[in-house]
Asker: 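Once you've had a glance at the structure underneath, I'll fire off some questions.
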Amino acid sequence: MRFPALPFLLLGVSAAAFAVPLRYAEDRAPAIANPLFTTTMSEARLDELVFDGLFTDDAELRSTPHLAEAGALSEDRLSMTLNLRQGVTWHDGRPFGADDVVFTIKAMQNPTTASTESGRVGWIKAVTKIDDHTVRLDFKRAEFAPEDKLHFKILPAHMFTSTTVSRSDTFRNRPIGTGPFQVVSFNDDNSITMQRNESYFSAVKQDEIVMREVADKNYQAKLIIYQSIEALVRVLPRDLATLQADRKVELYPYQTNSWWYLGFNNTDSDLRDPRVRRALQEMIDIEALLKPIGTGDIITGPFVPSSPYYNHEVPAHAVDVDAATELLTDAGYFYDGRSWTKDGKPLTLRLAAPETLETAQDVVINLQAQFRRQGISIEPEFLGTAEWKEKVWRDRDFDLILSQWSFDRSEDIYEQFHSRGTRNFVGYNDREVDGLLDSARAATDPQEKKAALRTAHAKIAEDVPMVFLWTLDSYSAMSVRVKQVVVHPFYFFTWARDWYVY
Amino acid sequence: MPLRLIIGRIAVFAVTLLGAVGLVLVLLWAAPGDPIDLLPNGEELRPILEEQWQLDRPLGARFVAYFSHLSRGDLGTSLTYRPGMPVTEVILEPALRSTGWLVAALGVAMVWGTALAWGTAGRPTWNRTFWQLVSIAPVFLLAHVAVNGINEATLALVDSGWMDRPRWFALPGQPHPFRTILAIVLLAVGSGTLSEVRAEVENALVKIRSSGYVAAARARGERVWPHVALNLAGPLTTIASSRAAFFVGGLVILEKVLLLNGAGSILWQAAVLRDYPLALGITVIFASIVCTARLLGDAVRIAIDPRLRAEWNA
Amino acid sequence: MTTRVARIDTRWSLVCALVASACTSDTSSETPPPAGPVDWVGTVARDPASFASLMERTNRDGWIAFHGNDLRAAETAFEGSDPTMKRSRARVEWSLALLYDDLARASDYTHMAFLSSWAARELPTTPGIETVAATWRGCGGMSDVPDADKLPDIFRAEPTVEAPGRRDRHAVHERARAGEVEALYAVAGVPLVVEPADGFERKFYDPCVYHTLHDAWEGRAQATASASDWRGVARQWGSEAGLEGLLFAPWLTVGDLEAGIANEVHPGTLGASQPSLVQFGVGTDMSVQDDVEVARDDVRALDAAIDLRERSLIAEAGDEGDALLRDLGLHARFRQEWIVARARKAILEGRPHQAMAYLELARDVSVRQVGPSNSPSVLALYAETQVRLGRTREALDVLVLLEQTHPEVLAFRELVGDLAVLQGLDRQGDSKEN
Amino acid sequence: MTAPTRMARLGATFRQHPIALIGALWLAIVILAGLVAPLSTYDPITDVDPSRAHLSPGPGNWLGTDHLGRDVFQRLMLACQFFVMPGLLACLVASIVAIPAGAIAGYRGGWVEAALRWMFTVVASVPKFVLILLVLSIYGDRLGLLAVATGVAYSPTLAEAVFARIESLRSADYVLANRAYGVPGWRILWVHLVWAACRRLIGRQLLTLFGFFLVLETTLSYIGGFGVQEPMPSWGNMLVFEWGRDVWYAPQVLAPVAALWFTIAATAWLAESLGEVADG
C-alpha cells in the first residue's frame with residue numbers, strides 16, 4: 001500500500017527547520033564502511049546509520065521487527081520463516097528483497113570472503129528464498145528467540161558479483177544501504193557526509209549528519225563547548241570534569257564493557273612457553289601504566305568488574321621480579337647483566353598497537369621502559385586500520401599486541417577465547433575453557449552460565465594468554481542543541497533517526 | 001621571431017621532465033628487495049603490479065611502457081590509498097588546488113619581500129633582523145607555533161567573552177578559507193624564504209638604483225619608481241622560478257600539518273602506505289610544475305629584457 | 001621610579017574596570033532575581049553565623065558526614081536528646097529510609113521481572129527459587145509492583161523443601177525492625193539459600209533486606225520526631241526548626257516544605273513541586289509525557305537560574321559566605337536533591353524515560369563513588385530506571401559504584417546480574433575493537 | 001705587512017658579525033652534544049616514571065619532566081645525535097658528489113659541462129623533500145639512508161654554485177698564467193680554483209645543507225610515519241609529545257621550539273658571515 005504522501009509533506013516542512021547538520025567526532029575515521037569487514041566500534045557506529053538489520057532494539061532494548069516484518073518459528077524451533085517488509089528501497093533506489101538477505105548470510109559464511117562477522121551467522125544452517133519477500137532460515141540447534149540473533153546488517157546483493165567479496169572492494173568507500181542515512185561522500189579530510197534517506201520506511205528527523213575525525217585532541221573538549229561539533233562519541237578521561245561543568249554540554253554513559261589487554265602470540269614465538277608469559281606478567285606494574293592515561297579499574301580477567309561474570313576471587317597480581325627471574329631461568333633464559341638471552345639471542349619482542357587507539361602511545365612507551373629495565377627489549381609498531389586487519393586479524397604476525405575489546409551487553413567472549421573463535425588472535429587453546437564456553441552458550445540457567453564463565457575467568461587468568469590491564473571510564477558528550485537523544489549502550493546510533501539539532 | 005630559441009627552451013623543458021621521470025623509475029627499479037613485499041597486502045596485488053609495471057622486463061622496456069601510458073595521461077591505478085581508482089582521477093583536483101596555493105604563496109613571497117626590501121634597501125635595520133629571525137624557522141615549526149598561538153589566543157578571547165567562536169576554531173580541524181590563507185602565508189615566510197627573497201630583491205634594487213639610466217631619468221626630473229619597477233621584473237622572475245622546487249617541498253609539509261586536501265598530503269599518505277603508482281604520479285606532476293616554472297621564468301625574462309629581446313630578434 | 005609604579009597602578013585599575021564591566025555588563029542586562037523568601041542556600045551564604053551556630057549546637061562531624069552522604073556516620077554522630085540534635089538526626093534517618101525504600105522498590109521490580117522471565121523460558125523451578133519467591137511474597141514485596149497479579153502460579157505455592165537458613169534470618173529481620181539494625185547489615189551480604197546444582201552452586205539472596213531496613217529507619221525517624229507518619233516527621237522541620245530543617249534538603253524554604261507535606265503523596269517526592277522554584281523558571285507541575293527532552297529542559301532552566309543566582313549571591317555574600325557557598329557546593333547539592341525528588345516522582349508515576357533523563361543530569365560522573373556530589377539515592381534510582389528500561393546490564397555499572405560504600409547492595413546487584421544473564425541467554429554477543 | 005694569518009682573518013669576520021660568534025659557539029655545543037651523546041649513560045627508553053610526571057625545572061632535571069616523567073633536558077641533548085652525525089654524513093656525500101662534478105663542468109666546458117649540468121637540472125627538478133620522501137618510502141626509513149638521500153638531493157645546488165664560480169674564473173689571467181707555466185690542469189683546478197676561490201662558498205653551502213638536514217629530520221619526526229620515532233627523542237617528536245598535556249608556556253613545551261629555532265638561526269648567521277667576507 002503506498003505510503004500516504006501527506007506525512008512526508010509535513011515532515012518535509014518541519015525538516016527544513018533542522019537544516020543544521022549533526023557533526024559527531026570520532027578519534028579516527030572508520031576505514032571500511034562494509035559490514036562484512038567491520039572490526040572497530042567507529043565502523044559499527046557508521047553501519048548503524050547506513051544499514052539495517054532484520055530485527056533491531058526498541059526503546060526497552062527488546063528485539064522488534066525491522067526489515068523483517070514478522071518471524072514465524074517452526075514447531076520444533078529448528079527453522080523460521082521471515083516475511084520481509086514491503087516497499088523498502090536501497091539508497092540507489094533498487095528494491096530490497098529476499099535475495100539481499102540470502103546474499104548477506106551466504107557472503108558472511110563464505111570462507112574465502114573471511115568476513116570478520118562470520119561468527120554472527122554460525123548458528124544458521126541454511127537460508128532459502130521462498131519468494132521476493134519471504135525467506136526461510138534453518139538452524140543447527142533449536143533456537144528459543146532467534147530474532148535476538150538477527151540484528152546483523154543486510155547488504156545489497158546487486159552491488160556484488162559473487163558472495164566472495166574482497167576487502168578492497170570499492171563498496172568500502174561508496175556504501176549502499178537501506179538505513180536512515182545514506183553516505184554522500186567520503187571526503188579527503190577524513191570526514192564523511194551523510195544525508196537523510198528520503199524513502200526510509202519510518203520518519204527521520206535529522207537532515208544531515210557529518211562524521212569528523214578530530215585530529216586535535218587538545219581542543220576536543222573545547223570544540224563541543226563552542227559548537228564546532230555537536231557530539232563527541234568518546235570523551236578523553238582528562239576532559240570529563242571540564243565538559244561536565246559546562247552548561248552547553250551533557251554527558252551520557254557509553255561504557256561498552258571495554259577492556260584493554262596486552263596479548264601474547266601463544267602459537268609461534270618465544271611466548272609459546274607459559275612460564276615466559278607468566279614471567280612477563282609478573283614484570284608489569286599496571287598501576288604505573290594506567291596512571292598517565294586516566295581513571296579506571298584494573299581487571300584480572302576477560303570481563304569488566306561490574307559484569308555478572310567477573311570473578312572477584314581472582315587476586316590482582318603485584319610486580320614480583322624474583323618470581324619472574326625464576327620463571328625465565330626455568331624456561332632456559334640467561335640474564336647477561338643487560339638482557340635475557342636464550343642460546344645467544346636476546347629476548348626481543350615485536351609489539352603491534354593500533355594507531356586508532358587513543359593514548360596507546362603513552363602506554364607503549366611506559367611498557368617498553370618497564371620491560372627494558374627488566375632486560376627485555378620491545379620493538380613497538382603503530383599500525384593503521386588496514387595494516388592492523390592484515391597483520392593481526394589475518395596473518396597473526398606479531399609477538400605482542402596492545403588493544404582494547406568492546407562488548408555489547410551479552411559480553412560473549414566465545415570468539416576471543418574459544419579454540420574455534422574467529423577473534424582468537426593470540427591463539428589461545430584450552431580444552432577445559434572450550435568446554436566452559438560451550439556450556440555457557442548452551443546454558444539455560446543464568447546461575448549456571450555465571451558459574452561457568454566465572455570459572456573460565458579464573459582458568460584464563462591462570463594460563464596468561466594475555467595480560468588483562470584495565471577498563472577506562474567512558475562517556476559520550478552531546479551538545480544541548482541535539483534533542484531527543486537516547487544513546488544505545490553499544491551501537492550508539494540505533495535511534496539516531498529521532499534525534500535532531502535545533 | 002627566431003623559432004630556434006623558443007623550441008630550444010621547450011626542448012630543454014621536455015628533456016628535463018623526461019630525465020626526472022627516468023630518475024624516479026630508476027629509483028623504483030634499483031630497490032634492493034621487491035617493493036611489492038613491503039606492501040601489506042602484497043600477495044593480493046602482485047598480479048596487478050606485474051602487469052602494470054612489467055617488473056620482470058628490463059628497465060628500458062619498462063621506461064617505454066610507462067611513457068606510453070604517461071603520454072595517454074594514464075598514470076596507473078592507486079593500490080592502497082584508494083584501491084582500484086585511476087591515479088589521474090585521485091590527484092587531478094588536489095593537484096590543481098596545490099598549484100593554486102603554490103602560485104599564491106610565490107606571489108605573497110614576492111610582494112612581501114619586495115615591499116620589505118623597497119624601504120630598507122642597503123641599510124641594515126632592526127626590521128630586517130626581525131624578519132630574518134622569523135623567516136628562518138622551518139615551515140612546520142612556524143605552522144606549529146602559529147596554529148597553537150592562534151588557537152590559544154582565540155580560546156582566551158572566546159573564554160573571556162570578548163568575541164564568539166570563529167567558524168574555523170581549533171585549527172587545523174575545521175576546513176575554512178582562513179586555514180588555507182594561513183598555509184599560503186606560512187609557505188611564503190617559512191624556511192628562510194622571505195628573508196632570502198628580500199636579500200635578493202635588495203641586491204637587485206641597489207644595482208638598479210645606482211645604474212646609469214635611472215640616474216638619467218632622475219636628471220630628466222621624471223618619477224624614478226616606474227623605471228626601477230620595470231627593471232626589477234627580470235630579477236623577480238628569476239627568483240620566483242628558482243624557488244618553485246623549494247616551495248613544493250614546503251607545501252607537502254604544510255598540507256600534512258594543516259590538513260589541507262592537496263596533492264602534497266596525498267603524496268605523504270601514498271608514501272606511508274607505499275602506494276607507488278600514486279606516489280610516482282604525484283612526483284611527475286610536481287616535477288612538471290617545477291620545469292614549467294623554469295620555462296615561464298626564461299620566457300618572461302626574455303620578453304622583458306630589451307637586450308635579450310634584441311638578441312632574440314637578430 | 002614613582003612614575004613607572006604609578007603608571008602600572010593606573011593600568012591595573014583600568015584592567016580591573018574592564019574586567020568588572022565585562023562581568024556586570026551581561027548581568028545588568030537581566031534584572032537580578034527577586035530576593036524570594038529566605039532559602040537555606042541564601043541563608044548560609046548571607047549569614048554564615050547561623051551555619052556556625054548550628055555546627056556548635058549539634059555536631060560538626062555529623063554535618064560533614066551528612067554533606068559527604070555518609071549517612072550511617074552522620075546518624076551516629078547526631079546522638080543526644082537536644083531538640084535541634086533530634087531534628088538533625090531525624091533528617092538523616094529520613095534519608096536512609098528513603099534510600100532503602102528506593103532499593104526495596106527496585107528490588108521488587110527486579111524480582112518480578114526475574115520470576116516472570118524464568119517462567120516464560122519454561123525453566124524448571126528449584127527449591128531455592130521457590131523459597132525466594134515465598135519469602136519475597138511474605139514481606140509484602142508484591143505490594144508496590146504494578147502487574148503483581150501476573151506472577152506465574154508456580155511461584156505462588158509454598159516451597160516444597162524448607163530452606164534451613166530461613167527461620168533465623170526471619171529472627172534477624174524482627175530484631176532489625178525493633179531497631180537493632182547492625183545484625184541485618186552484617187548478614188545482608190550472605191546468601192539466603194545456597195543450593196548445589198550439577199557442577200555449580202546456586203546462590204539466592206534475601207529479597208526482604210531493603211524492606212526491613214526501610215521499616216527500621218522509618219521507625220527510628222518517627223521515634224526521634226515522636227510522630228506517627230512521615231508527614232508528622234516532616235512537619236517538625238517546619239517553622240519551629242532552625243537551619244537544621246532545611247540544610248542540604250530538596251526543599252528550599254519552610255514554605256516549600258509545608259506545600260510538599262500538603263500536596264505530595266510519597267515522602268520521597270517532597271520538594272519535587274515546590275512553589276519557590278517558579279522564580280527559577282521551573283514550573284511546579286511535572287509534565288505527564290514520558291519524554292526525555294522535557295526533563296532536560298526542566299533541569300536546564302534550573303541551571304540557568306542557579307548560575308545567575310550564584311553570581312549575585314557571591315557578589316552579595318562576604319568572604320566567609322562566599323567560601324561556604326563554593327567549598328560546600330550548596331547550589332549543586334540543592335540541584336541534585338531536587339532532581340532526585342523529581343526523578344522519584346517520575347518513577348512512581350510510571351515515566352521511566354523522564355526519570356532517566358533527570359538522573360543522567362544529576363550524577364557527577366567525574367567522581368567514581370558516593371560522595372558530596374553523588375548521593376546514594378541518585379545511584380539507586382538510576383539503577384532502577386535502567387532496569388525498568390531493559391538496560392539491566394548497564395544498571396550493574398552504577399550498582400558497582402554504590403556497593404563501594406553500601407555493601408548491603410550486593411544482594412540487589414547479584415539479582416540484577418542474574419536478570420541480565422537470563423534476558424541475554426538467547427542473544428549472540430557482538431564484540432568490536434577499541 | 002705580512003698577509004694576515006688565517007686566525008686573524010677569522011677574528012675579523014666575527015668582530016664584524018658578533019651574532020655569527022654566538023651562532024658558531026651554539027653550533028659547536030650542539031655538534032659536541034651530538035657526537036658525545038652515544039656515550040652518555042642516559043637511556044631514553046627506561047627513563048619513564050609516571051610518579052615524577054610534570055615536575056617543574058629543578059636540580060634533578062633542568063627543564064622539568066614530561067607527562068611520563070622523562071627528563072626533558074637529557075632528551076633534548078640526546079636528540080642532537082639524530083641530526084649531527086647524519087647531517088655531517090649528508091655534507092660528506094654532497095661534497096663527494098657535487099664538488100668534483102661542479103668543478104669539472106666549470107673547468108672543462110663543452111659537452112661535459114652540458115651533460116653534467118643537464119643531470120643537475122634533472123635532479124633539481126624533482127623537489128628535494130619529495131625525492132627524499134620517495135626514497136624513504138621505497139628503500140625503508142633509516143637515518144643513514146636519509147643522510148645519503150639528502151646529500152644527493154642537495155648536490156645540484158652545491159654543484160651549480162661551484163660551477164658558476166669556477167666558470168667565471170676559468171679564463172682569469174692568473175689561471176692562464178699558471179697554464180702557461182705548464183702547471184698541470186688538475187693542480188690548477190683543485191688548488192688554485194676550488195681551494196682558493198671556492199672554499200668559503202663551499203663552507204657556506206655545507207652549513208646550509210647541515211641546517212636543511214636538521215629541518216628535514218625534525219619535520220619527519222614531527223609529522224611521524226618517518227624520521228625518529230618515540231621513545232627515541234628528536235626535537236621534532238618532542239614538540240608533539242608534550243603539547244596539550246601542559247600549559248603552552250611550560251619549559252617542557254617551549255624547550256624544543258627554542259632549541260630548534262636557535263640552532264637553525266645559528267647556521268644561517270654563520271653561513272651569512274662566511275659569505276660576505278669572501279664576496280665583499
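Chain letters run A, B, ... following the sequence lines, proteins first and then strands; every chain starts at 1. Any value given below was found using the heavy atoms of this structure, including those in side chains, with hydrogens, waters and symmetry copies removed. Here the structure is a predicted model, which is why all the values come from computation and not from measurement.
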Asker: CH2/C:W118 to OG1/A:T444 distance, rounded to the nearest 0.5 angstrom?
Answerer: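 OG1 of A:T444 is found 7.5 Å from CH2 of C:W118.
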Asker: Taking all heavy atoms of C:N434 and all of A:S406, pick out the closest pair and write down the distance.
Answerer: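 Residues C:N434 and A:S406, closest heavy atoms: O-OG, 3.8 Å.
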Asker: State plainly whether the residues A:E250 and C:R300 are in salt-bridge range, i.e. N to O under 4.0 Å.
Answerer: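 Salt bridge flag = yes for C:R300 with A:E250.
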Asker: For A:Q484 and C:V292, which heavy atoms make the closest approach, and how far apart are they?
Answerer: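 Heavy-atom minimum between the residues: OE1-CG2, 3.7 Å.
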Asker: Might you point out which heavy atoms bring A:D148 and C:R427 nearest each other, and give the distance in Å?
Answerer: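 A:D148 and C:R427 have their closest heavy atoms at CB-CG, 3.7 Å.
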Asker: Do the side chains of C:R393 and A:D408 get close enough for a salt bridge, i.e. N-O under 4.0 angstrom?
Answerer: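 A salt bridge is absent here (no side-chain N lies under 4.0 Å from a carboxylate O).
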Asker: Out of A:R28, A:K449, A:E448, A:Q416, return the one with the most heavy atom pairs under 4.5 angstrom to chain C.
Answerer: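 Looking at each option in turn, the highest pair count goes to A:E448.
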Asker: Is C:D364 in contact with chain A via its backbone, its side chain, both, or neither, using a 4.5 Å heavy-atom distance?
Answerer: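 Contact with chain A involves both backbone and side-chain atoms of C:D364.
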Asker: What part of A:S403 gets within 4.5 angstrom of chain C, counting heavy atoms only: side chain, backbone, both, or neither?
Answerer: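 Contact with chain C: side chain only.
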Asker: What part of C:R363 is in contact with chain A, defined as an atom under 4.5 angstrom from a non-hydrogen atom: side chain, backbone, both or neither?
Answerer: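 For C:R363, heavy atoms of backbone and side chain both lie under 4.5 Å from chain A.
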Asker: Measuring heavy-atom distances to chain A, does C:E403 have an atom under 4.5 Å in its side chain, in its backbone, in both, or in neither?
Answerer: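 Contact with chain A involves no heavy atom of C:E403 at all.
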Asker: C:K432 pairs by salt bridge (Lys or Arg N to Asp or Glu O under 4.0 Å) with which of A:E43, A:E48, A:E117?
Answerer: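 Looking at A:E43, A:E48, A:E117, the match for C:K432 under the salt bridge (Lys or Arg N to Asp or Glu O under 4.0 Å) is A:E117.
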Asker: For the interface with chain C, which of A:Q244, A:R234, A:E147 has the highest count of heavy-atom pairs at distances below 4.5 Å?
Answerer: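 Option with the greatest count: A:Q244.
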Asker: Tell me the closest heavy-atom pair linking A:D297 and C:R368, and the distance in Å.
Answerer: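 That closest heavy-atom pairing would be OD1-NH2, 3.0 Å.
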Asker: What are the two closest heavy atoms between A:P308 and C:G417, and how far apart are they?
Answerer: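 Closest pair (atom of A:P308, atom of C:G417, distance): CB-CA, 4.0 Å.
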Asker: With chain A as the partner, which of C:G390, C:A332, C:G424 has the greatest number of non-hydrogen pairs under 4.5 Å?
Answerer: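 Result: the option with the highest number of such pairs is C:G390.
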Asker: What part of A:R423 is in contact with chain C, defined as an atom under 4.5 angstrom from a non-hydrogen atom: side chain, backbone, both or neither?
Answerer: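 When you check distances to chain C, only side chain atoms of A:R423 fall under 4.5 Å.
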Asker: Using non-hydrogen atoms and a 4.5 Å limit, figure out which bit of C:A120 sits close to chain A: side chain, backbone, both or neither.
Answerer: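 For C:A120, backbone heavy atoms alone lie under 4.5 Å from chain A.
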Asker: Mind checking the CH2-OG spacing from A:W405 to C:S431? Nearest 0.5 Å is all I need.
Answerer: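 Separation between the atoms: 5.0 Å.
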Asker: Hey, are the side chains of C:V365 and A:Y252 touching, using non-hydrogen atoms and a 4.5 Å cut-off?
Answerer: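 Contact flag for C:V365/A:Y252 side chains = no.
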Asker: Between C:S366, C:A357, C:A420, C:A304, which shows the greatest number of heavy-atom pairs under 4.5 Å with chain A?
Answerer: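 Looking at each option in turn, the highest pair count goes to C:S366.
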Asker: Do A:S410 and C:Q428 touch side chain to side chain, with heavy atoms closer than 4.5 Å?
Answerer: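 In short, these two side chains do not touch, never coming nearer than 4.5 Å.
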Asker: Chain A heavy atoms under 4.5 Å from C:L123: which part of the residue, side chain, backbone, both or neither?
Answerer: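 Contact with chain A is through the side chain of C:L123 alone.
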Asker: Which atoms of C:V400 come close to chain A, meaning under 4.5 Å heavy atom to heavy atom: side chain ones, backbone ones, both, or neither?
Answerer: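 Side chain of C:V400 only, per the 4.5 Å heavy-atom cut-off to chain A.
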Asker: Need one label for A:Y491: side chain, backbone, both or neither, based on atoms under 4.5 Å from any heavy atom in chain C.
Answerer: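 It is the side chain, since no backbone atom gets that close.
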Asker: Given heavy-atom pairs under 4.5 angstrom as the criterion, report whether the side chain, backbone, both or neither of A:Y254 touches chain C.
Answerer: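 A:Y254 has no heavy atom closer than 4.5 Å to chain C.
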Asker: Using 4.0 Å as the upper bound for N to carboxylate O, is an ion pair formed by C:D418 and A:K450?
Answerer: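 Counted as a salt bridge, because a side-chain N and a carboxylate O are separated by less than 4.0 Å.
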Asker: If we only count heavy atoms from C-beta on, is the A:T455 to C:F200 side-chain gap below 4.5 Å?
Answerer: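 A:T455 does not reach C:F200 side chain to side chain.
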Asker: Working note: C:D307 + A:R247, criterion salt bridge (Lys or Arg N to Asp or Glu O under 4.0 Å); need CA distance, chi angles, decisive distance, verdict.
Answerer: CA-CA 9 Å; C:D307 291 348; A:R247 298 296 191 208; 3.0 Å; yes
Asker: If we define contacts as heavy-atom pairs under 4.5 Å, which of C:L389, C:D430, C:V421 has the most with chain A?
Answerer: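 Among the listed options, the one with the most contacts to chain A is C:D430.
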Asker: Quick check on A:E143 against chain C: is it the side chain, the backbone, both or neither that has a heavy atom closer than 4.5 Å?
Answerer: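 For A:E143, there is no contact with chain C at all, as no heavy atom is under 4.5 Å.
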Asker: If you count heavy atoms of other groups shown closer than 6.0 angstrom to NZ of A:K483, is the number above 12?
Answerer: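 More than 12 within 6.0 Å, yes.
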Asker: Of all heavy-atom pairs between A:R77 and C:E122, which one has the smallest distance, and what is that distance?
Answerer: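 Here A:R77 and C:E122 meet closest at NH2-OE1, 4.3 Å.
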Asker: For the candidates A:V486, A:D57, A:V485, A:L453, which exhibits the highest count of non-hydrogen atom pairs separated by less than 4.5 Å from chain C?
Answerer: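 Top count of heavy-atom pairs under 4.5 Å with chain C: A:V485.
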